[in-house]
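This report refers to the structure that appears directly beneath it.
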Number of protein chains: 2
Amino acid sequence: MRQRATAVERLRAELLSELLDGTYPSGVKLPNEDELAERSGVSRATVREAVGGLVEAGYLTRRHGSGTFVTGTLPRRHALDTSVSYLSMIKEAGMTPGLVVLDQGEREASAEQADRLRVSVGEPLLRMERIRTADGRPVVYSVDLLPLRCLAGDPAQLDASLYNVLEQSGHVVRGASARLVPVVAEQRLADLLEVEAGTPLLHIDQVDFDGDGHPVMLSAEWHVADAFELHINRRAAPRATQAGDEHA
Amino acid sequence: MRQRATAVERLRAELLSELLDGTYPSGVKLPNEDELAERSGVSRATVREAVGGLVEAGYLTRRHGSGTFVTGTLPRRHALDTSVSYLSMIKEAGMTPGLVVLDQGEREASAEQADRLRVSVGEPLLRMERIRTADGRPVVYSVDLLPLRCLAGDPAQLDASLYNVLEQSGHVVRGASARLVPVVAEQRLADLLEVEAGTPLLHIDQVDFDGDGHPVMLSAEWHVADAFELHINRRAAPRATQAGDEHA
DNA sequence: GAGTGGTCTAGACCACCGT
DNA sequence: CGGTGGTCTAGACCACTCC
């Protein structure tokens, strides 16, 4: 199940560790790409790929002709496009995360759930209904569903993030497709999240995928709007060939 | 001002055109990477980079050992992480886009606006207040602010997308940082968007950046929730080196 | 085993930045 | 001008899929 990490992944993880432990503080210039390559015993192309991932994630900034620099301000830690674990998002926002399990049990997959998880109808699923808190205040109510056979070990031992549990079972979550829907809290949600009925909430309906692109978890979440800021970083889409590109 | 397109960009645009014009219909397998390379007169690395962008954008799917395939169904979705122009998003969703200009004028940058746009307080800004429609129905109300000096030509000639206008002025929008806030429509917004007061809306507060990373536009938008689906594709963040990666 | 994408190398030249 | 990132090449070997 475990696969040897690539040179790119190893170098990227090493660089990130050095960024986090202060070896390269904010604003400083990294060694140039040739030197990083030589130092790590890899080619420059490998360095560029490793560094590129950290640039995309916001840790580093490249300046053509000048160098590669550690990003001054902290990257958007709670950016919806990159982060996947709310536990770490809350922690990195400087708040104390908490978790209240409202319900934990086994369900059979409905037709729709089976379709989205690409399993058979009736497949046994673990269902977790929880509330996340930040500094004691409810911020997210969520219902997660995942196939029991994706889990190794004792399902009762589910203290940590479901992402960690999945990872220990050989399913590293590599990405997700999420649908965003603004809603207003009806009475039950309002009570759970300790807000007034009618308060605007952000509903996120999400499918998580592992490294092979297989769906491994369904998450339905309701976020309190002002608990902490939800950000996304957007990139321009690729563009087709068009006329008029060649004239002066 | 015009910069020669790279081989990667040219090939990517050419492939995208062929995807859109039906040369490669849904589900079919693309020629393999060696053949694409030879056919286009570039190296395989260049092909991989061009194709990789289209995979990220969701047009293509790679299957290790099998080939690269045209993504099956193009879902009607509003992918907030990749697209930046709503005009084209609405078009690509198969609906007819419309635009109603409520107000267009010049304002001086406030302290907060100047800070976010990195210009001086009082800098003249173009302000556009508009409503986008899809098949005649209001879907987005927006207020855009951008420095007048970012614009070339006649400011009265603003029929097209602001992104196009910026591009023709030498500021290609390459990305954006957006804050998402679920809200409920107060009376004025409800009237403008033809919904009832209290209807949940998604508010997006955004800064657009050009290729150099300089902010070029502020956008405040309010989206009708059920007009079409708002999606984001999430990717796992890079991870630092950790213990326990080497055991069997 | 043949075909394909996944990773990596060593080296080249270009474009941009600052002095 | 030297240093840096940006682009690209030609080729190699590996890992996976399917026949």
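Each chain gets a letter, A, B and so on, in the order its sequence line appears, and its residues count up from 1.
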Original post:
Quick one: B:R44 CZ to D:dC14 C1', roughly how many Å, whole number?
Top reply: 11 Å
Original post:
Do NZ/NE/NH1/NH2 and the carboxylate oxygens of A:R149 and A:E123 come within less than 4.0 Å?
Top reply: yes
Original post:
B:G52 near the nucleic acid: base, sugar-phosphate alone, or nothing, with a heavy-atom cut-off under 4.0 Å?
Top reply: nothing
Original post:
Once you round it to whole Å, what is the distance between C1' of C:dC8 and CG of A:L36?
Top reply: 17 Å
Subject >> Test item: A:S142 side-chain N/O and A:A220 main-chain N/O as donor-acceptor pair under 3.5 Å >> reply: no
Original post:
Any idea which of C:dC8, D:dG6, C:dT4 is nearest the A:R48 side chain?
Top reply: D:dG6
Original post:
OP1 or OP2 of C:dT4 less than 4.0 angstrom from a side-chain nitrogen or oxygen of B:N32, does that happen here?
Top reply: yes
**OP:** For B:E33 and D:dC8, give me the distance from atom CD to atom P, rounded to whole Å.
**Re:** 16 Å
**OP:** Before accepting this row, confirm whether a basic side-chain N of the pair B:R116/B:E112 lies closer than 4.0 Å to the acidic partner's carboxylate O.
**Re:** yes
Subject >> Residue whose closest nucleotide on DNA chain D lies nearer the 5' end, A:L30 versus B:V42 >> reply: A:L30
**OP:** Would you mind reporting whether B:T68 and B:V51 have side-chain heavy atoms less than 4.5 Å apart?
**Re:** yes
**OP:** Would you indicate, yes or no, if C:dC17 has its OP1 or OP2 atom less than 4.0 angstrom from a side-chain nitrogen or oxygen of A:R63?
**Re:** no
**OP:** Starting at atom CZ of A:F69, determine the distance to atom C1' of C:dG18, rounded to an integer number of angstrom.
**Re:** 11 Å
**OP:** Go through C:dC8, D:dG6, C:dT4 for me and flag the one nearest to the A:H64 side chain.
**Re:** D:dG6
Original post:
Expressed in angstrom and rounded to an integer, what is the separation of A:E49 atom CD from D:dG5 atom C1'?
Top reply: 16 Å
Original post:
Between C:dT4, C:dC8, D:dC8, which one does the side chain of B:K29 approach most closely?
Top reply: C:dT4
Original post:
To the nearest angstrom, how far is A:L60 atom CG from D:dG6 atom P?
Top reply: 12 Å
**OP:** Write down the distance between CD (A:E35) and C1' (D:dG5), rounded to a whole number of angstrom.
**Re:** 15 Å
Original post:
Are any of A:S66's side-chain N or O atoms less than 4.0 Å away from OP1 or OP2 of C:dC17?
Top reply: no
Original post:
Quick one: is C:dG5 close enough that its OP1 or OP2 comes under 4.0 Å of any side-chain N or O from B:T68?
Top reply: yes
Original post:
Do any side-chain nitrogens or oxygens of B:T46 fall under 4.0 Å of OP1 or OP2 in D:dT9?
Top reply: yes
Original post:
Once you round it to whole Å, what is the distance between P of C:dA15 and CZ of A:R62?
Top reply: 19 Å
**OP:** List the steps and the verdict of side chain to side chain contact (heavy atoms under 4.5 Å, CB included) for B:Y163 and B:D208.
**Re:** CA-CA 10 Å; B:Y163 291 112; B:D208 292 285; 3.2 Å; yes
